[in-house]
> 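A single structure is presented below for examination.
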Amino acid sequence: MLDENVTLGCPIQLAHILAKQVAVDDFSGITRLAESYGVPPPFLSWNVDPRSADLRVERNFWEITQGFAQADGSVRRDLLTMDRYGSMNEWLMLLDKNDGTPGYRYSQFGPAVETWCVPATSAEQNTLDFDGFLGIFLTATYEAIAMRNAPLLSIHQSFEQAFVSKNRRIIIPLVDRHGENDGFIALNTPTNLLQPGLEVLPVPVLVVDGDMTVCFANKEARKSLDSGRYGPWDRSLFQYAGIDLTIESSPEEILISGVPHASTCRHLAHHRIGTFKATVTAARHFEHVFYIIMLTRD
């Protein structure tokens with residue numbers, strides 16, 4: 001339970017109290033704090049085994065990071081070789097240890113994480129710079145990990161990005177050569193409610209907002225249009241896929257009418273122009289409506 005004398009105006013003190021609770025498997029304070037801000041309570045678990053996770057990227061992250069572990073299982077920061085993670089670096093965050101100032105500072109904030117999540121304005125951003133519940137929650141979880149010196153799985157709802165349902169973080173503490181906490185490495189994997197169904201479709205499918213910005217591409221679209229990369233998702237439809245497509249109706253209008261928009265669109269790739277047949281429907285994700293664009297070769 002939180003001390004009733006601690007108010008929401010004391011984020012540093014609150015984070016410290018919550019960290020001590022989380023470190024001993026008491027998540028009630030985090031739940032109460034979330035409720036006070038009117039947001040869904042996050043899920044936290046110290047029983048982290050990404051090798052059995054559904055997401056392959058989590059299994060890969062775990063295997064690579066454990067390759068840097070010492071005999072006692074601790075991961076030395078000075079032994080980390082970030083090149084080993086390859087394209088996974090887009091989803092990785094590195095945080096520096098608390099050096100006497102409140103919060104933790106990001107020394108790496110992957111570009112894909114920055115696109116999906118609350119943007120970092122610079123590499124110097126501190127966990128306490130995030131507003132409201134998120135800043136207190138992030139600071140508390142990292143402090144708890146430093147106290148317990150164990151990996152943590154954290155799943156919380158995204159509050160800023162329309163197409164993200166959850167942010168999954170696997171956070172692993174790092175130590176210096178003396179065994180003291182030396183920051184953290186974290187894999188941040190955003191997920192959304194439409195993703196599982198779109199991923200299995202054998203044709204390219206793009207989720208695009210009303211401004212024609214790509215918010216998600218399924219596996220087939222990533223492979224055929226973007227060299228298999230997973231984001232970032234802040235590019236226009238033409239920038240991302242080389243697709244020249246005009247949609248006369250808004251996504252809300254298509255959703256209400258239930259009538260798909262079908263047309264032939266040009267596709268520019270490697271200085272060659274081809275064509276796709278585009279079938280455009282719409283779907284609601286929480287309070288936002290998106291175009292769902294399915295492409296087939298003309």
Side-chain angles (χ1 to χ4, degrees), residues 12 15-16 19-20 22-23 44-53 55-130 135 137-154 167-190 229-232:
I12 299 169
H16 182 63
K20 290 192 292 185
V22 171
L44 299 171
S45 175
W46 292 107
N47 300 315
V48 181
D49 187 1
R51 291 169 293 186
S52 61
L55 299 178
R56 185 176 63 182
V57 67
E58 292 185 352
R59 297 195 298 270
N60 292 344
F61 169 68
W62 181 260
E63 291 169 2
I64 293 172
T65 306
Q66 291 308 301
F68 299 115
Q70 303 181 104
D72 63 357
S74 63
V75 178
R76 283 258 301 270
R77 182 166 187 161
D78 60 340
L79 299 180
L80 279 179
T81 305
M82 299 307 293
D83 290 346
R84 288 274 301 278
Y85 292 98
S87 61
M88 199 184 303
N89 271 283
E90 293 192 355
W91 305 99
L92 294 183
M93 302 181 297
L94 277 174
L95 292 94
D96 293 338
K97 66 177 181 179
N98 192 330
D99 58 0
T101 59
Y104 296 88
R105 183 174 60 84
Y106 294 96
S107 54
Q108 175 174 321
F109 203 95
V113 180
E114 186 171 347
T115 297
W116 280 100
C117 308
V118 183
T121 56
S122 74
E124 299 294 323
Q125 177 132 359
N126 187 290
T127 54
L128 282 170
D129 290 340
F130 294 98
F137 166 65
L138 293 177
T139 304
T141 54
Y142 287 117
E143 185 175 346
I145 294 165
M147 291 177 179
R148 185 153 169 164
N149 194 31
L152 179 72
L153 170 64
S154 166
N167 283 107
R168 292 177 59 95
R169 293 181 301 152
I170 295 178
I171 310 162
I172 296 178
L174 304 174
V175 298
D176 59 21
R177 63 185 61 192
H178 304 294
E180 299 295 326
N181 179 261
D182 196 23
F184 314 88
I185 184 169
L187 175 74
N188 193 329
T189 314
R229 293 180 296 178
Y230 197 96

> Heavy atoms, side chains only, cut-off 4.5 Å: are Leu153 and Leu44 in contact?
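Contact flag for Leu153/Leu44 side chains = no.
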> Roughly how far, to the nearest 0.5 Å, is CZ of Phe61 from CD1 of Ile185?
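The CZ atom of Phe61 is 4.5 Å from CD1 of Ile185, to the nearest 0.5 Å.
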> Classify the side-chain pair Thr81/Asp83 by whether it contains a donor and acceptor separated by less than 3.5 Å.
no
> Taking all atoms of both residues into account, what is the closest heavy-atom pair of Ala19 and Ala144, and its distance?
O-CB, 3.4 Å
> Closer than 4.0 angstrom, basic N to acidic O: yes or no for Asp96 and Arg77?
yes
> Quick one: closest heavy-atom pair of Ala146 and Tyr104, and the distance?
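Minimum heavy-atom separation between Ala146 and Tyr104: CB-OH, 4.4 Å.
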> Grab the two heavy atoms, one from Pro151 and one from Val48, that are nearest each other, plus how far apart they are.
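Looks like O-CG2, 3.6 Å.
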> Quick check against the 3.5 Å criterion: does Asn89 have a side-chain atom that pairs as donor or acceptor with the backbone of Gly86?
yes
> Any side-chain heavy atom of Thr65 within less than 4.5 Å of one from Tyr85?
yes
> To the nearest 0.5 Å, how far apart are CG in Leu174 and CG in Leu80?
5.5 Å
> How far does CG of Asn181 sit from CD1 of Ile145, to the nearest 0.5 angstrom?
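It comes to 9.5 Å.
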> What pair of heavy atoms forms the shortest contact from Leu79 to Phe68, and how long is it?
O-CD2, 3.3 Å
> For Phe184, is the NZ or CZ atom of Arg169 found under 6.0 angstrom from the centre of its six-membered ring and inside 45 degrees of the ring axis?
no
> Is the closest basic N to carboxylate O distance between Arg168 and Glu58 below 4.0 Å?
yes
> At what distance, to the nearest 0.5 angstrom, does CE of Met147 lie from NE2 of His16?
5.0 Å
